[in-house]
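Keep in mind that the numbers below use all heavy atoms, side chains included, and drop hydrogens, waters and symmetry copies.
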Amino acid sequence: MRRLARAIAVAVVLTAPAWVWNPYHLHTLIMAGIFAVLALSLNLLLGYTGQLSLGHAAFFGIGAYASALLSVKLEWSPWLGLLAAIVLPGLAGYIIGRLALKLRGAYFVLLTISFAGCVSLVSVNWMDLTNGPLGIPGVPPVEIALPGLATLSLRTKSAYYYLVLA
């Protein structure tokens with residue numbers, strides 16, 4: 001019975017773009033997937049070490065801004081932007097982690113939330129770099145060029161759903 005329930009759940013998740021016609025609802029599923037990945041990363045720290053980090057949103061933002069800025073301002077490939085969205089928050093996490101993991105309890109929480117607050121202030125107030133609360137327009141879509149096939153551009157909500165799912 002559990003295998004049947006799992007098979008049905010997998011089928012529902014894999015076919016969601018086919019039966020979710022409203023773009024808003026599909027966007028909500030995409031955002032839920034993105035935040036599920038964020039929750040899983042928090043589970044790594046809180047679940048395995050018992051340390052409550054409130055700075056995860058800052059690393060999330062650093063990755064998003066790194067990808068967008070490199071793609072828009074420096075005209076890098078979106079794939080290199082995605083790679084930078086992994087590496088730069090990792091480096092920031094290493095630096096903050098070197099400081100924060102020497103602390104315990106409330107001090108650890110205070111350091112991580114202070115870091116998140118600083119990143120938030122920079123992202124909202126540094127208008128020349130981040131365009132503030134207006135965001136960064138013109139981020140190019142990710143494209144997959146497979147040998148022998150046409151280039152697959154991830155411009156649709158369905159394509160982004162599967163990218164987040166992967």
Side-chain angles (χ1 to χ4, degrees), residues 1-47 52-90 92-93 112-113 115-146 149-166:
M1 195 62 158
R2 285 186 183 173
R3 287 184 182 170
L4 178 63
R6 275 192 202 138
I8 290 172
V10 167
V12 166
V13 168
L14 288 176
T15 61
W19 50 267
V20 176
W21 297 291
N22 188 334
Y24 173 75
H25 293 139
L26 191 55
H27 179 75
T28 303
L29 287 175
I30 292 167
M31 296 306 294
I34 290 170
F35 289 122
V37 171
L38 185 62
L40 287 171
S41 71
L42 180 61
N43 181 46
L44 285 174
L45 189 60
L46 183 60
L52 174 61
S53 170
L54 298 178
H56 270 63
F59 300 115
F60 189 70
I62 289 170
Y65 274 114
S67 176
L69 289 170
L70 290 173
S71 296
V72 172
K73 303 242 180 185
L74 298 181
E75 297 179 0
W76 283 19
S77 162
W79 287 106
L80 290 175
L82 285 176
L83 181 63
I86 296 167
V87 171
L88 291 177
T112 59
I113 199 167
F115 174 69
C118 290
V119 170
S120 175
L121 285 171
V122 166
S123 69
V124 170
N125 293 318
W126 195 352
M127 293 293 291
D128 294 333
L129 182 68
T130 65
N131 205 23
L134 300 175
I136 300 172
V139 177
V142 177
E143 294 180 342
I144 300 172
L146 299 172
L149 298 173
T151 300
L152 176 63
S153 179
L154 302 179
R155 292 181 188 271
T156 65
K157 292 279 186 199
S158 299
Y160 275 107
Y161 174 82
Y162 289 117
L163 181 65
V164 169
L165 191 61

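Proximity of F60 to I34: side-chain heavy atoms (C-beta onward) are separated by under 4.5 Å at one or more points. No side-chain heavy atom of L46 sits under 4.5 Å from any side-chain heavy atom of S53. At a threshold of 4.5 Å between non-hydrogen side-chain atoms, the residues M127 and P133 count as touching. Side-chain contact check for V119 versus F115: some heavy-atom pair is nearer than 4.5 Å. Between L14 and L165 the shortest side-chain heavy-atom distance falls below 4.5 Å. Within the 4.5 Å cutoff, side-chain heavy atoms of Y65 are placed close to those of I136. Between S41 and H56, the closest side-chain pair of non-hydrogen atoms falls below 4.5 Å. Side-chain contact between W126 and D128: present, with at least one pair of heavy atoms (C-beta onward) separated by less than 4.5 Å.
Partners of W21 according to the side-chain contact (heavy atoms from CB on, under 4.5 Å) rule, which considers only residues two or more places apart in sequence or in another chain, do not exist here.
Within the 3.5 Å criterion, the main-chain N or O of L54 finds a donor-acceptor partner in the side chain of T112. Within the 3.5 Å criterion, the main-chain N or O of A159 finds a donor-acceptor partner in the side chain of T156. At distances below 3.5 Å, at least one donor-acceptor pair connects side-chain atoms of S123 with backbone N or O atoms of S120. Counting only distance, with no hydrogens or angles, the side chain of W79 and the backbone of E143 share a donor-acceptor pair below 3.5 Å. Proximity of a side-chain donor or acceptor of N43 to a complementary backbone N or O of A39 within less than 3.5 Å is not detected.
Heavy-atom minimum distance, F59 versus A92: CE2-C, 3.7 Å. Considering every non-hydrogen atom in both P78 and S71, the closest pair reads CA-OG, 3.7 Å. Across every non-hydrogen atom of G55 and A116, the tightest pair is CA-CB, 3.9 Å. Across every non-hydrogen atom of A68 and V139, the tightest pair is CB-CG2, 3.8 Å. For the residue pair L70 and A84, the shortest heavy atom distance occurs at CD1-CB, 3.3 Å. When all heavy atoms of T15 and W19 are compared, the pair lying nearest together is O-CD1, 2.9 Å.
L69 contributes atom CG, which lies 10.5 Å from atom CG of L88 (distance to the nearest 0.5 angstrom). Remark: I8 CD1 to R3 CZ distance equals 14.5 Å, nearest 0.5 Å. Distance CG/L42 to CZ/F35: 13.0 Å, rounded to 0.5 Å.
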Checklist line | V13/Y161 under side chain to side chain contact (heavy atoms under 4.5 Å, CB included): CA gap, chis, key distance, verdict | finding: CA-CA 10 Å; V13 168; Y161 174 82; 3.6 Å; yes
Next item on the list: Go through T28 and H25 one step at a time and tell me if the side-chain hydrogen bond (donor to acceptor under 3.5 Å, both in side chains) criterion holds.
Entry: CA-CA 5 Å; T28 303; H25 293 139; over 6 Å; no
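Sequence neighbours left out, not one pair with a member in residues 4-13 passes side-chain hydrogen bond (donor to acceptor under 3.5 Å, both in side chains).
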